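A short worksheet on the structure shown next.
So you know, we letter chains A, B, ... as the sequences are listed, proteins then strands, and number each from 1. None of the values given here were measured: they were computed from a predicted structure.
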Amino acid sequence: MNGPGVGEGCVAAWEVAEYDLEGTLEGGQAFGWERLGDGWEGVVAGRWVWVGRDGARVEARTALPVGDWDWIEGYLGVREDLAGMLATFPDDEPLRQAMASCRGLRLLRQDAWEALACFLCSATKQVVQIREMVRLMRERHGKEVPGPAGRVVRAFPTAERLASLDEGALRACKLGFRAPNLLMAARAVAEGRLELGELRRLPLDEARARLMGLRGVGRKVADCVLLFGLGFERAFPVDVWVRKALARLYFPRARRLTARRIERFSETHFGPHAGLAQQYLFHHARTRLGRAWGRGGARGEE
DNA sequence: ATCCAGGACCACT
DNA sequence: AGTGGTCATGGA
């Protein structure tokens, strides 16, 4: 291990059979983790935290004393039975490939507002560009959080804070045409017209419909928020990579694949942990298969 | 230079 | 229900 000094902070570690920290923290489901030493630093539940490895264990360090570790255990999912979830996947070749190439990949349980804001900004952007937008919003508008050794970092800005800005301030964070959408979403949440926490108790379809009532939130962004921020494990976001993966791996002979057909397949084929399966397909496609596929692979031509 | 990126929306069919 | 244009911005 080679992390930051703990100072007056605390250290905790968990025995975890398989956990791919890099694929999970940098793989396009969260956008705020930065490399530090042999691990990553970020802000979770309003606390600075460093996450890395200690041999076979996943380790977390805080800058300040903490009374419990539930907030980061839940975020990382270090107590969850990954093998048990993978065992619920359908036994098919595409998933066998994806599981073999992404061993230890997991789903994070993120803050719902942060997930909504980040994925609202994700439209037609690469992961590195989303990270840059998020970094700018954090640096310019995020609340200060005490870091290690006297450093100060910033949390992702609250809905209340973003709702107080004007469109220009968000465009200055490189949001482009997404700026007015994020501003309206921030206002809806800040004014209590949309209570994200309440959505957890709704059926998937109803929670999705509520999210899609926001301008700029379509099916894909809604499913990201449901899966990464609200704990709906069957939500299955279909972006360009997942569409390519499904087309190439499951429908190699289809000449055309409508969104409706993809949707029905994803809802029925993958089981209770469909969202996790989606993340395996996404990561596998983006990191291993992307270059070989070249352009236009969504239609399954050979 | 051209295409494309963890899309959504609108106007037409 | 399915297509095409448009919206910013920057990677590859």
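Take the nearest nucleotide of DNA chain B for A/Arg215 and for A/Cys224: the residue whose nucleotide is more 5' is A/Cys224. Of the residues near DNA chain C, A/Val128 and A/Arg260, the one whose nearest nucleotide (by heavy atom distance) lies more toward the 5' end is A/Arg260.
For B/dG6 and C/dA1, the P atoms lie 30 Å apart once the distance is rounded to whole Å. As rounded to the nearest Å, C/dT6 and B/dA5 have C1' atoms that lie 16 Å from one another. Nucleotides C/dG10 and B/dC9 place their C1' atoms 23 Å apart, quoted to the nearest Å.
Using a 4.0 Å heavy-atom criterion, one finds that A/Phe228 contacts the bases of the nucleic acid, with or without backbone contacts as well. Within the nucleic acid shown, A/Thr124 comes within 4.0 Å of at least one base atom, counting heavy atoms only. Across all strands, A/Leu120 comes closer than 4.0 Å to no nucleic acid atom at all (heavy-atom distances). At the heavy-atom level, A/Val242 lies under 4.0 Å from base atoms of the strands shown. Counting non-hydrogen atoms under 4.0 angstrom, A/Gly28 reaches a base of the nucleic acid. Among the atoms of the strands shown, only primed sugar atoms or phosphate atoms (P, OP1, OP2) are found under 4.0 Å from some heavy atom of A/Lys174.
Not a single donor-acceptor pair, N or O on each side, falls under 3.5 Å between the base of C/dG11 and the side chain of A/Glu132.
Rounded to whole angstrom, the span from the CZ atom of A/Arg219 across to the C1' atom of B/dG7 amounts to 14 Å. Atom CG of A/Leu211 and atom C1' of B/dA8 are 15 Å apart (whole Å). Rounded to whole Å, atom C1' of B/dC9 lies 16 Å from atom NZ of A/Lys220. Atom CG in A/Leu175 sits roughly 10 Å away from atom P in C/dT9 (whole-Å rounding). Counting to the nearest Å, the P atom of C/dA8 and the CG atom of A/Leu170 are 15 Å from each other. Atom CG of A/Leu25 and atom P of B/dG6 are 18 Å apart (whole Å). A straight line from CG of A/Leu116 to P of B/dG6 spans 19 Å, rounded to a whole angstrom. We find that CG of A/Leu214 is positioned 15 Å from C1' of B/dG7, with the value rounded to whole Å.
The side chain of A/Thr258 lies closest to C/dG2, out of C/dG2, C/dA8, B/dG6. With distances taken from any side-chain atom of A/Val221 to the nucleotides B/dG6, C/dG2, B/dA8, the minimum falls on B/dA8. When each of C/dG2, B/dG7, C/dT9 is scored by its nearest atom to the side-chain atoms of A/Gln129, the top-ranked nucleotide is C/dT9. Of the candidate nucleotides B/dG6, C/dG2, C/dA8, C/dG2 has the atom lying nearest to any side-chain atom of A/Arg256.
Inspection of the A/Trp40 and A/Glu26 side chains reveals an N or O donor paired with an N or O acceptor under 3.5 Å. Looking only at atom types and distance, the side chain of A/His273 has no donor-acceptor partner in the side chain of A/Thr88 under 3.5 Å away.
By the 5.5 angstrom centroid cut-off and the 30-degree plane limit, A/Trp241 is classified as not stacked against the base of B/dG6.
Under 4.0 angstrom from either OP1 or OP2 of C/dT9 there lies no side-chain N or O belonging to A/Arg178. Residue A/Lys244 has no polar side-chain atom (N or O) positioned under 4.0 Å from OP1 or OP2 of B/dC4.
For the pair A/Arg57 and A/Trp14, the cation does not sit on the ring face, since its NZ or CZ is not both under 6.0 Å from the ring centre and inside 45° of the axis.
Atoms CZ and CG, on A/Arg210 and A/Leu196 in that order, are 9.0 Å from each other to the nearest 0.5 Å.
In terms of heavy atoms, A/Val238 sits closest to A/Lys220 at O-CG, 3.4 Å. In terms of heavy atoms, A/Gly28 sits closest to A/Arg286 at N-NH2, 4.4 Å.
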Stepwise salt bridge (charged side-chain N to carboxylate O under 4.0 Å, His left out) test for A/Glu59 and A/Arg61: CA-CA 7 Å; A/Glu59 184 179 285; A/Arg61 305 180 181 205; 2.7 Å; yes
